[in-house]
Amino acid sequence: MGLAVFTFLAIFVLIASGGLLLFFRVGMTQRLSSAIGPAEEREPWWSRFKPSRARDSIRSMIQPLEKVLPKSPQEVSVAQKRLIYAGFRENSHLRVFYGLKALLPVWFCLMVAVSGVTDDFNPFIAYTLAAGFGYLAPDFWLGRRIRQRRAKIQLALPDFLDLLVVCVEAGLSMDQALQRTTQEMRISSPDIADEMGLVSLEQRAGRPRADAWKNLAGRVELDVLRMLVTAIVQADQFGTSIAKTLRTYAEGLRTRRRQQVEEIAGKMAVKLVLPLVVFVFPCIFIVALGPSLLSIGEQFQKYFGG
């Protein structure tokens, strides 16, 4: 017991020291540079607590670990696509992702060693489960992030289309309306504004409108967005009214969402049958029939016992 406590305290001190060195690395570097040569301008002490500095420091720690895992080009391409689906497009995000996959198994194995789980459980199975969970935890988190981002984009798409229709009907061109709508939706729906902003940047860079919108469908991988891109490309090719097309599609999205909610509400009655039968009805029977059964049992006992 004493050895386990000492090991836990030693690991805690090491982790705390690493955290202090991580967050105060900039301050230590400034002190060393000022001792070697006087700096022209000093940053205030609170600047070392900026989230960007901490994020850069954590990234610089994790990135060397991504070289530990052997990776094939196919695995790298799949991971890069999943990160793009989640909204992480920089190359450093891929290195951080593989660095976490190498660091988390070691971290969870240390937690198993410190917590003493191996005293009551098979050590081989415990360490195997900890390493496997640490290796798969970034994938689970990334999949959850992709689903949440797609859900947010799908929910914000009708409002985005309504605002885009208003801008187009006000006299703006499609490109100008897309840029203005993206700016207006930047706070309320940052995910869809981010994707539409990339479309606007691609168009301003000289890429054709159809290719820019098709790239949007490939980045998000959402059925409703893919159908929207198809409708916009067809309206652009055949010269039909883009405002009318967007308005009709937005109404269709709201109708589909309403139907999905009604479908979920209709399934709720069927899903409640099992909890009612297993948990609610037995309690009702006990409360309603329990006293009667007890009194009947007492009467039978008096009758046959007497």
Side-chain angles (χ1 to χ4, degrees), residues 1-29 31-32 45-152 191:
M1 183 65 182
L3 181 61
V5 173
F6 176 76
T7 305
F8 175 77
L9 292 176
I11 294 176
F12 178 77
V13 170
L14 289 176
I15 294 174
S17 303
L20 291 176
L21 291 175
L22 175 65
F23 288 102
F24 290 94
R25 181 172 60 87
V26 178
M28 295 177 62
T29 306
R31 293 192 189 96
L32 291 175
W45 62 270
W46 59 82
S47 62
R48 68 191 66 174
F49 296 101
K50 291 182 179 179
S52 59
R53 292 183 181 273
R55 184 166 55 250
D56 294 338
S57 300
I58 294 173
R59 184 177 299 174
S60 63
M61 282 183 54
I62 295 176
Q63 282 179 357
L65 297 175
E66 62 96 16
K67 299 179 181 179
V68 176
L69 299 176
K71 303 176 290 294
S72 63
Q74 292 80 10
E75 292 176 350
V76 173
S77 62
V78 171
Q80 187 73 45
K81 288 181 180 179
R82 296 190 67 200
L83 288 171
I84 291 174
Y85 295 157
F88 303 107
R89 304 183 184 89
E90 298 181 7
N91 293 328
S92 60
H93 292 152
L94 182 63
R95 294 194 292 268
V96 171
F97 176 73
Y98 279 108
L100 288 174
K101 289 176 74 69
L103 179 62
L104 288 180
V106 179
W107 172 260
F108 281 109
C109 289
L110 288 176
M111 292 296 101
V112 169
V114 172
S115 61
V117 177
T118 55
D119 297 337
D120 302 327
F121 201 66
N122 191 348
F124 177 76
I125 297 177
Y127 285 114
T128 302
L129 292 177
F133 180 77
Y135 182 79
L136 296 176
D139 294 316
F140 293 151
W141 178 85
L142 186 60
R144 184 171 179 270
R145 175 64 182 265
I146 292 172
R147 291 191 297 271
Q148 289 179 349
R149 192 167 187 268
R150 287 175 176 172
K152 291 178 181 178
D191 295 317

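Nothing fancy with the numbering, it's 1 onward along the sequence.
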Charged tip of Arg149 within 45° of Tyr85 ring normal and under 6.0 Å: no
Tyr127 and Val112, any side-chain heavy atoms less than 4.5 Å apart: yes
Value rounded to 0.5 Å, distance of NZ in Lys101 from CG in Leu142: 9.5 Å
Pair Asp139 + Arg82: basic N to acidic O under 4.0 Å: yes
Heavy-atom check, side chain of Phe88 versus side chain of Arg145, under 4.5 Å: yes
Geometric class of the Phe133/Phe108 ring pair [parallel <30°, tilted 30-60°, perpendicular >60°]: perpendicular
Closest approach of Cys109 to Ala130 (non-hydrogen atoms, all atoms of both residues): N-CB, 4.1 Å
Straight-line distance of Ile84 CD1 to Arg89 CZ, nearest 0.5 Å: 8.0 Å
Euclidean distance, Tyr135 OH relative to Leu104 CG, rounded to 0.5 Å: 12.0 Å
